[in-house]
Amino acid sequence: MNRYFWILGGFAALVVLLAIGLNLNPRDVPSPLVGKPAPAFSLNVLAKPDTTLGPKDMQGKVWLLNVWASWCISCRQEHPVLVNFSKSSKVPLIGLNYKEVRGDGEFDMGKMSAADEKKLAFERAEKWLATHGNPYTLTVMDLDGRVGIDYGVYGVPETYVIDKTGVIRMKHTGPITPDVLSGKILPLIAELDK
């Protein structure tokens, strides 16, 4: 009798755990960086390749860092949301173009020089933004993806909300939808911008 009680109890616990797991969003990946300073970087700016930008330059502002690439299918889904968001000019939206050439999989990087990769990456990113609209205050180029690694990027798109002191306050994995923007990001921005 006691043995059946333990089997039944174990089965009930398994059912409860499965029910909880099925109700979780698989895109909600916790980030150990939330509540910590945004990792430093200094990357070339797309529109001005001779200049650089990093989190230090954004001190004193609430801002968003959106990781994207022209080869990213999900980025196309969120892009109109970002374009509309940029029209409101609530906060700066900085684009982090992630592995524009290396991430595509179309190119043999063993046969491409660093100069050729940089030239091609800038051309592709500029063309994509000219075609689809440019919601970004600035875009910086993470050609080799090292900054993405520092930020714990799992895949594109991802977006970080960073406060005035340079601390990451939120990470969103996957495309930003109108619901995510209005229900999570904008209220957080309003709170941080006080």
Side-chain angles (χ1 to χ4, degrees), residues 17-18 20-44 46 53-55 58 62-83 85-86 91-109 117-118 120-122 124-125 128-129 132 134-163 166-189 192:
L17 289 174
L18 285 173
I20 291 170
L22 290 174
N23 287 313
L24 295 176
N25 183 348
R27 291 190 163 268
D28 286 342
V29 180
S31 172
L33 294 178
V34 172
K36 295 184 178 168
F41 63 79
S42 181
L43 293 174
N44 291 110
L46 176 63
L53 181 90
M58 302 305 291
V62 176
W63 57 291
L64 300 182
L65 180 68
N66 177 253
V67 184
W68 70 280
S70 69
W71 45 262
C72 162
I73 302 300
S74 295
C75 296
R76 293 178 189 202
Q77 181 184 346
E78 82 168 354
H79 201 71
V81 177
L82 297 179
V83 169
F85 170 76
S86 70
V91 294
L93 175 60
I94 304 298
L96 178 72
N97 182 278
Y98 180 70
K99 295 174 136 183
E100 179 59 42
V101 176
R102 294 181 191 202
D104 193 326
E106 185 178 313
F107 303 97
D108 183 355
M109 297 310 300
E117 178 187 1
K118 183 175 181 180
L120 181 60
F122 276 67
R124 287 169 48 116
W128 198 87
L129 291 175
H132 299 282
N134 187 353
Y136 302 110
T137 307
L138 290 171
T139 291
V140 292
M141 303 297 289
D142 185 17
L143 298 177
D144 57 10
R146 288 185 186 157
V147 172
I149 291 170
D150 291 344
Y151 277 77
V153 170
Y154 294 101
V156 285
E158 290 186 5
T159 303
Y160 300 81
V161 179
I162 302 171
D163 72 14
V167 172
I168 295 175
R169 301 298 296 264
M170 177 187 167
K171 175 184 178 181
H172 177 76
T173 304
I176 293 178
T177 63
D179 289 343
V180 169
L181 186 62
S182 64
K184 292 182 176 179
I185 294 177
L186 290 178
L188 179 58
I189 288 172
L192 297 175

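Every value quoted in this text rests on a predicted model; they were computed, and no experiment measured them.
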Query - Expected output: side-chain Trp71 to main-chain Lys99 donor-acceptor under 3.5 Å - result: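 Yes, the answer is positive, given that a donor and an acceptor are paired below the 3.5 Å cut-off.
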Query raised in the report: Stepwise, does the side-chain contact (heavy atoms from CB on, under 4.5 Å) test hold for Leu65 with Ile168?
Result: CA-CA 10 Å; Leu65 180 68; Ile168 295 175; over 6 Å; no
Rounded distance [0.5 Å steps], [atom1] in [X] versus [atom2] in [Y]:
X: Leu46; Y: Asn134; atom1: CG; atom2: CG; result: 7.5 Å
X: Gln77; Y: Thr177; atom1: CD; atom2: OG1; result: 8.5 Å
X: His172; Y: Ser31; atom1: NE2; atom2: OG; result: 13.5 Å
X: Leu53; Y: Met58; atom1: CG; atom2: CE; result: 6.5 Å

Looking only at non-hydrogen atoms, find the nearest pair between [X] and [Y] and report the distance.
X: Val83; Y: Ser86; answer: O-OG, 2.7 Å
X: Glu158; Y: Gly152; answer: OE1-O, 4.0 Å
X: Lys36; Y: Pro32; answer: CD-O, 3.4 Å
X: Arg102; Y: Leu143; answer: CD-O, 3.7 Å
X: Thr137; Y: Pro92; answer: OG1-CA, 3.4 Å
X: Cys75; Y: Pro157; answer: SG-CB, 3.8 Å

Report summary line: By ring-ring contact (aromatic ring centres under 6.0 Å, His included), Trp128 pairs with (sequence neighbours left out) Trp68, His79, His132
Compare all side-chain heavy atoms of [X] with those of [Y] and state whether any distance is below 4.5 angstrom.
X: Arg124; Y: Asp104; result: yes
X: Val180; Y: Thr159; result: no
X: Val101; Y: Met109; result: yes
X: Leu188; Y: Val62; result: no
X: Ile176; Y: Ile185; result: yes

Requested in this report: Evaluate the criterion side-chain contact (heavy atoms from CB on, under 4.5 Å) for residue pair Phe85 and Glu78; output intermediate values, then yes/no.
Outcome: CA-CA 11 Å; Phe85 170 76; Glu78 82 168 354; over 6 Å; no
**Report entry** Full working for side-chain contact (heavy atoms from CB on, under 4.5 Å) between Trp63 and Leu192
**Finding:** CA-CA 10 Å; Trp63 57 291; Leu192 297 175; over 6 Å; no
Report task. For the pair Phe41 and Asp150, evaluate side-chain contact (heavy atoms from CB on, under 4.5 Å) and give the outcome as yes or no after the intermediate values. Result -> CA-CA 9 Å; Phe41 63 79; Asp150 291 344; over 6 Å; no
Query raised in the report: Only one of Thr139, Ile94, Asp142, Asn97 clears side chain to side chain contact (heavy atoms under 4.5 Å, CB included) with Leu43; which?
Result: Asp142
Query - Sole candidate of Tyr98, Tyr160, Tyr136 that passes side chain to side chain donor-acceptor pair (under 3.5 Å) when paired with Asn66 - result: Tyr136
